Amino acid sequence: MAEPIRIVVTGAAGQIAYSLLYMIARGEVFGKDQPLILHLLDIPPMVGVLEGVVMELADCALPLLREVVPTTDPLVGFKDVSAAFLVGAMPRKEGMERKDLLSANVKIFKVQGEALDKVAKKDVKVLVVGNPANTNALVCANYAPSIPRENFSAMTRLDQNRAASQIANKLGVSINEVNNIIIWGNHSSTQYPDAAQGKVLVKGEWKSIAEAVNNDAYLQGQFIETVQKRGAAVIGARKMSSAMSAAKAACDHMHDWWNGTAPGKFVSMGVFSDGSYGSPKDVVFSFPVEIKNKQWKIVEGLAISEFGKSKLNITSKELEEEKNEALSVLDSN
Ligand code: NAX
């Protein structure tokens, strides 16, 4: 069997981590033959809860799990890790302005970027889940200059999964018969879920989703809105935010980064923009990517409609604003 690799999950005492840790430790991300040492990072008030999570992981009796390291010290949490799931973040509290939320998170992701820079493996793959995920990833990467910035990404896979599920349901097909739906831009309500490039398997043949659905008003209206507002709908029903589905999406994201995508298939990831599709350079922007040898590459040359371009502009503008706000917080510190 292979040597164990070290994986860190931050926000390890929280609700997404509660599902995520189990999925990782089962071998769903790094493979059924890859032993793991799990690092669990949270903050001091959560030490008691973290102890409970450690007990439960032990009680799961998982053969791949060789060791669990609970900690509140980022320098311990990030030491020698090969992959990092940055789930922990400051939640939005009542009456909190967007700027205050951004400011609290910028500080967290600065500290974590610095710690990754000091003690993580230089080829560590970093997935930021904690919101505002795109801008948190940008801040984190900026404070880890010794790690290539291609190794930092933000999660929009939950949005992609939500979108694919809507289309599968609409067409009465199973989820693995829907491919290549794209989430563009920010993981926020300005994201642009785009089914126009997607494909669906109908009677043994891959067809365009636009053709199969044959209802542009739905694809440009209700479909987009449902995906954009799905998080709020789950909170409305569950009184808590999406956790099981967020954990599954984090596993999907890291799994594909680690193992690659099948030929002709692409997935959405928030990555550093090179200006593709008219997006602003140097923000973390969700694009369709293909992955080989643990390296992602933006899928180029897709045709974007005028409608799509107007949507890309909106989310681009928001990401630039977030970036500028984050930089102004950092400058004033
Ligand atoms: P919880 O509040 O249940 O857990 C968050 C945990 O993070 C807590 O245990 C807290 O103590 C810890 N934490 C806070 N600051 C920390 C720090 N500096 N270092 C380490 N741990 C720290 O939230 P949960 O429901 O698990 O959600 C976590 C984050 O995911 C939130 O920011 C949430 O907005 C975000 N989400 C992102 C999604 C995405 O698609 N990108 C979807 C799901 C989710 O809403």
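Both counts, for ligands and for their atoms, begin at 1 and track the order of listing. Here the structure is a predicted model, which is why all the values come from computation and not from measurement.
- Looking at Y18, its side chain never comes within 3.5 Å of a backbone N or O of M244 through a donor-acceptor pair.
- A donor-acceptor pair under 3.5 Å is formed between the side chain of Q160 and the backbone N or O of S268.
- Under a 4.0 Å N-O distance rule, the pair D282/R149 qualifies as a salt bridge.
- Listed by chain and residue number, the protein contacts of ligand 1 are G11, A13, G14, Q15, I16, L41, D42, I43, M46, V87, G88, A89, I108, Q112, V129, G130, N131, M155, L158, H187, S241, S242, A246 (heavy atom within 4.0 angstrom).
- A donor-acceptor contact shorter than 3.5 Å is absent between the side chain of S165 and the backbone of N161.
- Residues F78 and D117 have side chains not in contact (no heavy-atom distance under 4.5 Å, counting atoms from C-beta outward).
- We find that K317 and E321 are joined by a salt bridge, their nearest charged nitrogen and carboxylate oxygen being less than 4.0 Å apart.
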